[in-house]
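One structure is given here, and the rest of the page talks about it.
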Amino acid sequence: MDITIEQAAEDELKEKPDENNLGFGSIFTDHMLVMAYDDGHWQQPVIKKYQNFSLDPAAMALHYGQAIFEGLKAYRGKDDRIYLFRPQDNLRRMNKSAHRMCMPEINVDEVFAALQELLRLEKAWVPSVSGATLYIRPTMIATEAGLGVRPARQYLFFVILSPVGAYYPEGFNPVTIFVTEKYVRAVPGGVGNAKTAGNYAASIMAAVEAQKLGYTQVLWLDAIERKYVEEVGTMNIFFVIGDEVITPPLSGSILPGLTRDSVLRLTRDWGLNVVERRISIDEVFTAADNGTLREVFGTGTAAVISPVGALSYKGNVCQVNSGKTGELAQRLFDELQEIQYGLRPDPYNWVVKL
Ligand SMILES: *Cc1c(COP(=O)(O)O)cnc(C)c1O
């Protein structure tokens, strides 16, 4: 496979931002990777200057939402090398999303090779400040012009890069969560296990209402009984009740997180009693009442581990671990971060060094 590289001219390169003030996803690097699909085939990938697309107003992604994405990060190690965490797994998951949305699958090895080229070119954009990273956003959209509802015949796959700040600039702090009974994220048989744009559009109203009430994130319950825990915001969720570590199973309506998978692997290898099973919100509140609820935390690429300090459900608020970060959440956060930054042996071969 040939990768065409059209480098931006020296005087077109952007000024690098202040690494202590990056925020999330508002600054983009000088180049992007673009690969078009037409007539049953992917064209050659092209690395070119970050720029606007020209899209037909009837482009099908804009109307019917054939749009999928991924999210992963590049980390700058102490040795100044760039590290990626399970990147091929992200591309494989993108293919699962593509399959569900009747979009074409990509060649994981070829796209990963092109992504590595892009990252080599943009290496200087990977922040050095502790906790800051280069967020990688692979995306695929249907570009064919047409208003018929059917799979498009033309697509664009692209990767953009955004330097992002540390998720916890003020330290590893627990968040407060609002359990919504009013809205659901995904239904059995729907697209909840695909990283597809519409899922996030559908989630915004619940997030806005929770924020108005002073909560950081929404906890989603199952759509049928509104009883069993699914996910929190855009993270998977774990509970520690007594000596059991519990996370909801991959039932089809939750996103199969790579951080979730990594946490399962680590905690099982540490000899903990880990189970993937349904857990009702009542079980969580009962455990809080009888003192057996020890920890709650979310898992996802952005935060890695996000400890939960309080949950609000039907007007009742339960504190988790007196609102403090739990022992397991802290241990997982430290272990995963150190693996991601290449500071610790990686027995699972999760890390790819650029
Ligand atoms: C991306 C995402 C996650 C977390 O997945 P990771 O691979 O761990 O980043 C969880 N839930 C939803 C809804 C997501 O979109």
Side-chain angles (χ1 to χ4, degrees), residues 24-25 65 67-75 83-98 100-101 108 112 133-140 159 162 164 167 175 177 179-180 183-188 190-207 210 216-223 228-239 247-267 276 296-308 329 332-333 335-337 339-340 348 350-352:
F24 182 81
I68 56 175
F69 66 94
E70 271 300 325
L72 64 157
K73 287 171 168 177
Y75 307 82
Y83 293 83
L84 299 167
F85 186 70
R86 306 184 65 174
Q88 295 102 324
D89 287 335
N90 283 97
L91 297 177
R92 285 185 203 112
R93 184 172 68 189
M94 189 164 205
N95 276 343
K96 292 200 179 121
S97 298
R100 178 64 182 85
M101 304 307 288
V108 169
F112 184 50
T133 54
L134 187 68
Y135 185 78
I136 304 168
R137 172 52 63 90
T139 310
M140 193 196 301
V159 182
S162 173
V164 301
Y167 199 87
V175 295
I177 301 286
V179 182
T180 180
Y183 302 107
V184 295
R185 179 184 168 274
V187 298
V191 295
N193 56 356
K195 236 170 156 70
T196 185
N199 284 335
Y200 305 85
S203 75
I204 292 172
M205 184 173 262
T216 317
Q217 299 259 7
V218 171
L219 186 145
W220 305 100
L221 298 175
D222 78 280
Y228 295 100
V229 173
E230 297 242 308
E231 300 195 58
V232 50
T234 55
M235 290 186 287
N236 297 112
I237 190 161
F238 285 76
F239 300 87
T247 195
L250 298 178
S251 55
S253 55
I254 70 173
L255 206 286
L258 294 174
T259 319
R260 173 188 181 278
D261 185 71
S262 306
V263 163
L264 286 174
R265 190 68 199 267
L266 286 173
T267 49
E276 292 171 78
V296 181
F297 55 88
T299 65
T301 295
V304 189
I305 302 290
S306 182
V308 174
L332 284 163
F333 181 74
E335 178 96 7
L336 281 167
Q337 281 255 292
I339 292 175
Q340 288 164 340
Y348 308 103
W350 282 335
V351 168
V352 175

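We number each residue from 1, following the sequence as shown. Order of appearance sets the numbers: ligands from 1, and atoms from 1 within every ligand.
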- Query: Are any of the side-chain heavy atoms of R100 and T196 separated by less than 4.5 Å?
  - Reply: no
- Electrostatic pair E231:R185 at N-O distance under 4.0 angstrom: yes
- Does T234 have any side-chain contact (heavy atoms from CB on, under 4.5 Å) partners at least two apart in sequence or in another chain, and if so, which? Y200
- Under the side-chain contact (heavy atoms from CB on, under 4.5 Å) test, residues paired with V187 that sit two or more places apart: A223
- Any residue meeting ring pair (Phe, Tyr, Trp, His ring centres under 6.0 Å) with Y83, in chain and number order, not counting sequence neighbours: none
- Can you say whether the rings of Y135 and F24 are parallel (under 30°), tilted (30 to 60°) or perpendicular (over 60°)? perpendicular
- Message: Which protein residues come within less than 4.0 angstrom of ligand 1, counting heavy atoms only?
- Response: R93, R185, K195, Y200, E231, T234, M235, N236, L255, G257, L258, T259, G300, T301
